[in-house]
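Have a look at the structure below, then the notes.
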Amino acid sequence: MILKLYNSTTSQKEDFKSISPNIVSMYCCGPTVYDAPHLGNFRTFVFYDLVKRVLIQNGFEVNQVINITDIDDKIIDKVNSGAIGYKELTAKFNDMFLQHSLSLNIQEANQYPKTSDHVEAMIGFIKALIDKEYAYNVDGNIFFDTEKYSKYGKFVNIENIDRLESEDDGLGKKNQKDFALWKTWKEEDGDITWESEWGKGRPAWHTECAVLATQSLGKTIDIHCGGVDLKFPHHENESAQVEALLDSVFSNYWLHSEHLILEEEKMSKSLGNILNIGDLLNQYSAETIRLFLLSSHYRSKIYFSDEKLSDSSKMIDKINRFVKSVGLDTLDHNGDTNPSGDYLRFVESLNDDLNTPEALGIFFDFINKKNKKIHEDSLSEEDIEESKKFILGFNSIFQIIHPSVLIDEEVPEEVQKLAFIREGMRDKKNWEEADRLREEIEKMGWLIEDSESSQKLVRKK
RNA sequence: GGCGUCGUACCCAAGCGGUCUAAGGGAUCGGUUUGCAAAACCGCUAUUCGUCGGUUCGAAUCCGACCGACGCCUCCA
């Protein structure tokens with residue numbers, strides 16, 4: 001089956017072909033560790049996870065790198081404010097990123113290289129660009145010479161930038177669109193600086209990613225991912241450096257996920273309209289947040305609302321009920337799917353540029369069909385097997401079934417006792433007392449679902 | 001200002017030239033079931049896809065204009 005991905009460089013869906021037969025190299029722009037991550041950041045990180053899981057479903061082994069940017073203006077600003085030290089600050093938010101990733105069932109990447117561990121390599125990279133005359137030095141700042149690189153403008157209409165040429169930023173760049181590879185030391189940088197042959201300073205963002213990507217994955221990678229806002233200038237600049245220096249195609253596929261919108265604007269720290277992911281995880285389950293994020297296509301904007309989160313939560317309830325009624329006892333997916341008609345359609349949707357909303361629709365359609373059989377009491381062994389396989393295949397991508405769903409929670413003795421009494425009242429047709437007990441049990445956090453012969457206790461959400 | 005993406009029911013969201021009198025989820029209202037509920041099931045809720053034109057045998061899907069939202073061009077997932 002062919003996997004199609006929308007490539008930002010061509011603005012169309014393309015059949016995916018990896019460089020090596022069964023292995024995919026994937027570079028994802030990770031967090032700058034200066035502050036608590038927000039939902040918008042994690043929309044992108046969950047998107048990376050989606051890409052990876054779909055690749056795995058297609059039989060690829062994925063070598064994924066997510067970088068950690070720990071050299072950056074905002075980090076320096078924060079350290080300068082005196083509240084916290086450099087190491088402490090970056091470690092704190094690095095850990096937070098990893099922890100939330102774990103909470104959201106995001107598969108671990110193979111590597112999380114940190115900028116500060118690779119400054120030597122960045123210096124070497126910049127030096128090589130200078131040697132090839134793609135970069136020049138102005139008072140210790142090194143800039144990339146966009147005039148020298150004819151292919152500049154992969155992601156943006158270059159005339160736009162030319163128009164802005166008049167607004168020179170006073171750094172002595174030859175062209176407005178030239179960008180920094182190395183920033184010379186300034187007093188406010190303090191100790192956050194490295195020695196180089198051009199004097200003290202630090203690598204600039206675009207160079208950081210260019211070096212980390214090529215160093216960990218080679219001169220041409222299969223897939224490069226990021227949020228749309230990184231298309232230009234970040235990815236443009238990253239790509240320009242690598243392709244100029246190595247004379248290669250930097251990445252065969254560029255995937256960009258859309259923004260999360262809050263209060264009519266993209267969620268962003270500089271705009272101040274932030275929903276901290278940690279806070280959100282206290283309010284909603286990780287599964288709910290994941291589903292909320294995956295129920296829109298990755299290239300569509302998501303307008304945040306609590307209502308959507310609660311819709312997602314209800315969807316999960318429905319899925320969980322189905323999981324229980326089919327008697328699933330493990331979430332381990334061994335890849336054995338034996339694609340039936342519906343499951344095949346599910347996989348095809350995901351392979352069509354990661355169409356998660358459509359795939360979800362197919363899954364629900366399937367659930368409805370089986371529920372109907374359950375209702376008619378005509379669910380066969382084959383139906384059960386098929387359902388289990390579909391659920392596992394579904395969950396291997398969406399990851400929204402919590403393991404606890406498989407285990408019937410122990411009902412507290414007190415609740416059991418009340419339920420037993422209620423059972424007696426029902427037998428005696430003492431409905432008033434039975435209803436009163438049902439209410440009491442509900443207050444204790446348990447719902448009763450009566451069936452003909454017995455009553456079932458379900459944990460209240 | 002330039003460039004780009006998007007506008008589908010009460011809400012969310014797929015579909016992107018014919019199988020669309022438009023999937024799926026939430027919500028509402030009927031019905032089956034139930035002592036009553038809950039859960040489940042059945043049914044109703046867009047002859048219509050921002051507006052107006054055009055292309056076509058045929059358009060939600062292509063083209064143009066307009067209106068509206070968002071993004072990029074500056075740090076940003």
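Labels below follow one simple rule: chain letters A, B, ... track the order of the sequence lines, proteins then strands, and each chain is numbered from 1.
Of the side-chain N and O atoms in A:Lys314, none sit less than 4.0 angstrom from OP1 or OP2 of B:G25.
Under the Watson-Crick and G-U wobble criteria, each requiring two contacts below 3.5 Å, nucleotide B:G17 is left unpaired. With a cut-off of 3.5 Å on both pairing distances, B:A59 has no Watson-Crick or G-U wobble partner at all. The partner of B:C41 is B:G31, judged by Watson-Crick or G-U wobble contacts that both fall below 3.5 Å. For B:G7, the paired base is B:C67 (Watson-Crick or G-U wobble, both distances below 3.5 Å).
Using a distance-only test at 3.5 Å, with no hydrogens or angles considered, no donor-acceptor pair links the side chain of A:Asp450 to the main chain of A:Gln455. Side-chain N or O atoms of A:Gln64 include none that pairs as donor or acceptor with a backbone N or O of A:Asn110 at under 3.5 Å.
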Checklist entry - Once each nucleotide of nucleotides 32-37 of chain B is scored for protein heavy atoms under 4.0 Å, what B/S/- sequence comes out, 5' to 3'? => result ---BBB
Checklist entry - Can you give one letter per nucleotide of nucleotides 8-22 of chain B, going 5' to 3': B for a protein heavy atom under 4.0 Å from the base, S for sugar-phosphate only, - for none? => result ---SSSSS-------
Checklist entry - Does the ring pair (Phe, Tyr, Trp, His ring centres under 6.0 Å) test come out yes or no for A:Tyr343 and A:Phe390, once each step is laid out? => result CA-CA 6 Å; A:Tyr343 185 70; A:Phe390 200 156; 5.2 Å; yes
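Counting to the nearest Å, the P atom of B:A77 and the CG atom of A:Leu275 are 16 Å from each other. Rounded to whole angstrom, the span from the CZ atom of A:Phe322 across to the P atom of B:A40 amounts to 12 Å. Between the CG atom of A:Asn41 and the C1' atom of B:A77 there is a distance of 5 Å, rounded to whole Å. In this entry the distance linking NZ of A:Lys324 with P of B:A40 reads 14 Å, nearest Å. Between A:Asp35 atom CG and B:A77 atom P there is a gap of 10 Å when expressed in whole angstrom units. Here the C1' atom of nucleotide B:A40 and the NZ atom of A:Lys373 are 16 Å apart, to the nearest Å. Straight-line distance from the CG atom of A:Asn320 to the P atom of B:G25: 16 Å, rounded to whole Å. A straight line from CG of A:Asp317 to P of B:G25 spans 14 Å, rounded to a whole angstrom.
One side chain, A:Thr44 or A:Ser257, offers a donor N or O that lies under 3.5 Å from an acceptor on the other. In the model, A:Tyr152 has a side-chain atom that pairs as donor or acceptor with a side-chain atom of A:Asn237 under 3.5 Å. Side chain to side chain, A:Ser116 and A:Asp70 meet the donor-acceptor criterion of an N or O pair below 3.5 Å.
Taking the C1' atom of each, B:A60 and B:A14 are spaced 12 Å apart, rounded to whole Å. The same atom, C1', is picked in B:G18 and in B:A59; the two are 10 Å apart, to the nearest Å. Using C1' as the reference atom, B:A46 and B:U8 are 8 Å apart when rounded to the nearest Å.
Looking at A:Lys154 and A:Glu243, a side-chain N of the basic residue comes within less than 4.0 Å of a carboxylate O on the acidic one, giving a salt bridge. Ion pairing between A:Lys369 and A:Asp342 holds under the 4.0 Å rule for side-chain N and carboxylate O. The existence of a salt bridge linking A:Arg53 and A:Asp49 is confirmed by a sub-4.0 Å separation between a basic side-chain nitrogen and an acidic carboxylate oxygen. Electrostatic pairing of A:Asp15 and A:Lys4 counts as a salt bridge here, judged by a charged N lying under 4.0 Å from a carboxylate O. The pair A:Asp35-A:Lys269 does not count as a salt bridge, with every side-chain nitrogen at least 4.0 angstrom from each carboxylate oxygen. A salt bridge links A:Asp435 to A:Arg438: one of the charged nitrogens lies within less than 4.0 Å of a carboxylate oxygen.
Within residues 4-12 of chain A, no residue is approached by RNA chain B to less than 4.0 Å at the level of any non-hydrogen atom. Of the residues in residues 260-273 of chain A, those placing a heavy atom less than 4.0 Å from an atom of RNA chain B are A:Leu260, A:Ile261, A:Glu264, A:Glu265, A:Lys266, A:Met267, A:Ser268, A:Ser270, in numerical order. Using a 4.0 Å cutoff on non-hydrogen atoms, the parts of residues 64-76 of chain A near RNA chain B are A:Lys74, ordered by number.
Residue-level contact check: A:Gly226 touches the backbone only, with heavy atoms under 4.0 Å from sugar-phosphate atoms and none from bases. Within the 4.0 angstrom heavy-atom criterion, only backbone atoms of the sugar-phosphate kind lie near A:Lys318; the bases stay farther away.
The aromatic rings of A:Phe363 and A:Phe366 lie parallel to each other, with less than 30° between the two planes, well short of the 60° mark.
Ring centroid separation for the pair A:Phe394 and A:Phe398 comes in under the 6.0 Å cut-off. Annotation: A:His256 is not in aromatic contact with A:Phe232 [ring centroid separation under 6.0 Å not met].
Residues meeting the ring pair (Phe, Tyr, Trp, His ring centres under 6.0 Å) test with A:His206, sequence neighbours left out: A:Phe179, A:His234.
Only one option out of A:Asp279, A:Leu262, A:Leu280 pairs with A:Leu39 in a side chain to side chain contact (heavy atoms under 4.5 Å, CB included); it is A:Leu280.
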